[in-house]
Amino acid sequence: MQYWLMKSEPATFGIEHLKTCPQRTSMWDGVRNYQVRNMLRDDFKKGDLAFFYHSSCPAPGIVGMVEICCTGYPDPTAFIPSHDHYDPKSRRESPSWYVVDVKFKRDFELISLDELRQHAALADMQVLKRGNRLSVTRISPEEWTCILSLR
DNA sequence: GCCAACGTTGGC
DNA sequence: GCCAACGTTGGC
């Protein structure tokens with residue numbers, strides 16, 4: 001059982017979108033970064049929990065919690081030529097990219113980036129480090145508990 | 001395998 | 001829209 005933080009741009013796919021999906025569950029597709037791919041493919045397990053983070057928006061921060069529904073499987077959008085996430089280098093026999101399914105668990109009143117930075121116990125979180133570009137990062141159990149205690 | 005150029009991310 | 005940071009690409 002592991003904890004994660006998953007970033008998404010709310011204009012593209014925010015937590016409000018997730019809540020309108022059937023079973024409030026969606027594929028987390030479109031990851032095109034190898035470090036994140038490796039985590040989705042190798043490390044994510046059914047039952048893991050993740051914070052849902054809104055980035056590249058007026059109020060960046062944690063807005064909710066999701067549960068991981070399955071281990072990673074090949075990203076089907078990479079195989080569809082007309083899709084925005086199409087990647088001709090990804091083949092069905094040797095997929096380049098992976099997804100997991102995530103299910104909505106709960107909302108938070110926004111825990112802003114600024115608020116996260118105010119807690120020394122969270123200072124090591126990758127999402128707070130400058131230059132961080134990973135859309136998925138690990139959260140330690142201590143960090144998870146600390147963030148939950150904020151709401 | 002080096003490294004410069006380029007593209008993307010994401011807070012501000 | 002700026003710009004720092006850093007991943008990716010491709011020539012050599």
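In what follows, every chain begins at residue 1, and chains take the letters A, B, ... in the order their sequences are listed.
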- [ ] Under the salt bridge (charged side-chain N to carboxylate O under 4.0 Å, His left out) rule, collect the residues that match up with A:Arg151, sequence neighbours excluded.
- [x]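 A:Arg151: salt bridge (charged side-chain N to carboxylate O under 4.0 Å, His left out) contacts with A:Glu115.
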Open item on the list: With the threshold set at under 4.0 Å for non-hydrogen atoms, list the residues of residues 29-37 of chain A touching DNA chain B in residue-number order.
Closed with: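 None - not one residue of the stretch has a heavy atom sitting under 4.0 Å from the strand.
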Who passes side chain to side chain donor-acceptor pair (under 3.5 Å) against [X], sequence neighbours left out?
X	answer
A:Trp28	none
A:Gln118	A:Asp114
A:Tyr34	none

- [ ] With a 4.0 Å heavy-atom cut-off, tell me which residues in residues 107-126 of chain A come close to DNA chain C, sorted by residue number.
- [x]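 Correct list: empty, so none.
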Open item on the list: Test of understanding: with ring-ring contact (aromatic ring centres under 6.0 Å, His included), list the residues that count as partners of A:His119, not counting sequence neighbours.
Closed with: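 Listed in chain order: nothing, the list is empty.
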- [ ] Output every pair passing side chain to side chain donor-acceptor pair (under 3.5 Å) with a member in residues 49-68 of chain A, not counting sequence neighbours, ordered by first then second residue.
- [x]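 Those involving residues 49-68 of chain A do not exist here.
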TODO: Could you list all the side chain to side chain donor-acceptor pair (under 3.5 Å) pairs where at least one residue sits in residues 37-48 of chain A, not counting sequence neighbours?
DONE: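 Qualifying pairs: A:Trp4-A:Asp48, A:Asn38-A:Arg41, A:Asp43-A:Arg138.
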Open item on the list: Strictly by salt bridge (charged side-chain N to carboxylate O under 4.0 Å, His left out), give each pair with a member in residues 88-101 of chain A just once, sequence neighbours left out.
Closed with: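 Of all non-adjacent pairs touching residues 88-101 of chain A, those that pass salt bridge (charged side-chain N to carboxylate O under 4.0 Å, His left out) are A:Asp87-A:Lys89.
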Task: Sequence neighbours excluded, every pair satisfying salt bridge (charged side-chain N to carboxylate O under 4.0 Å, His left out) that has a member inside residues 16-35 of chain A - done: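 Every pair satisfying salt bridge (charged side-chain N to carboxylate O under 4.0 Å, His left out) with a residue in residues 16-35 of chain A: A:Glu16-A:Lys19, A:Lys19-A:Asp107, A:Arg32-A:Asp75.
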TODO: Nearest 0.5 Å please: distance from the CZ atom of A:Phe51 over to the NZ atom of A:Lys105.
DONE: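 If I round to the nearest 0.5 Å, the distance is 12.0 Å.
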Open item on the list: Can you give me the first and the last nucleotide of DNA chain B (5' to 3') that has an atom within less than 4.0 angstrom of a non-hydrogen atom in chain A?
Closed with: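 Contacts span B:dG7 to B:dC12, reading 5' to 3'.
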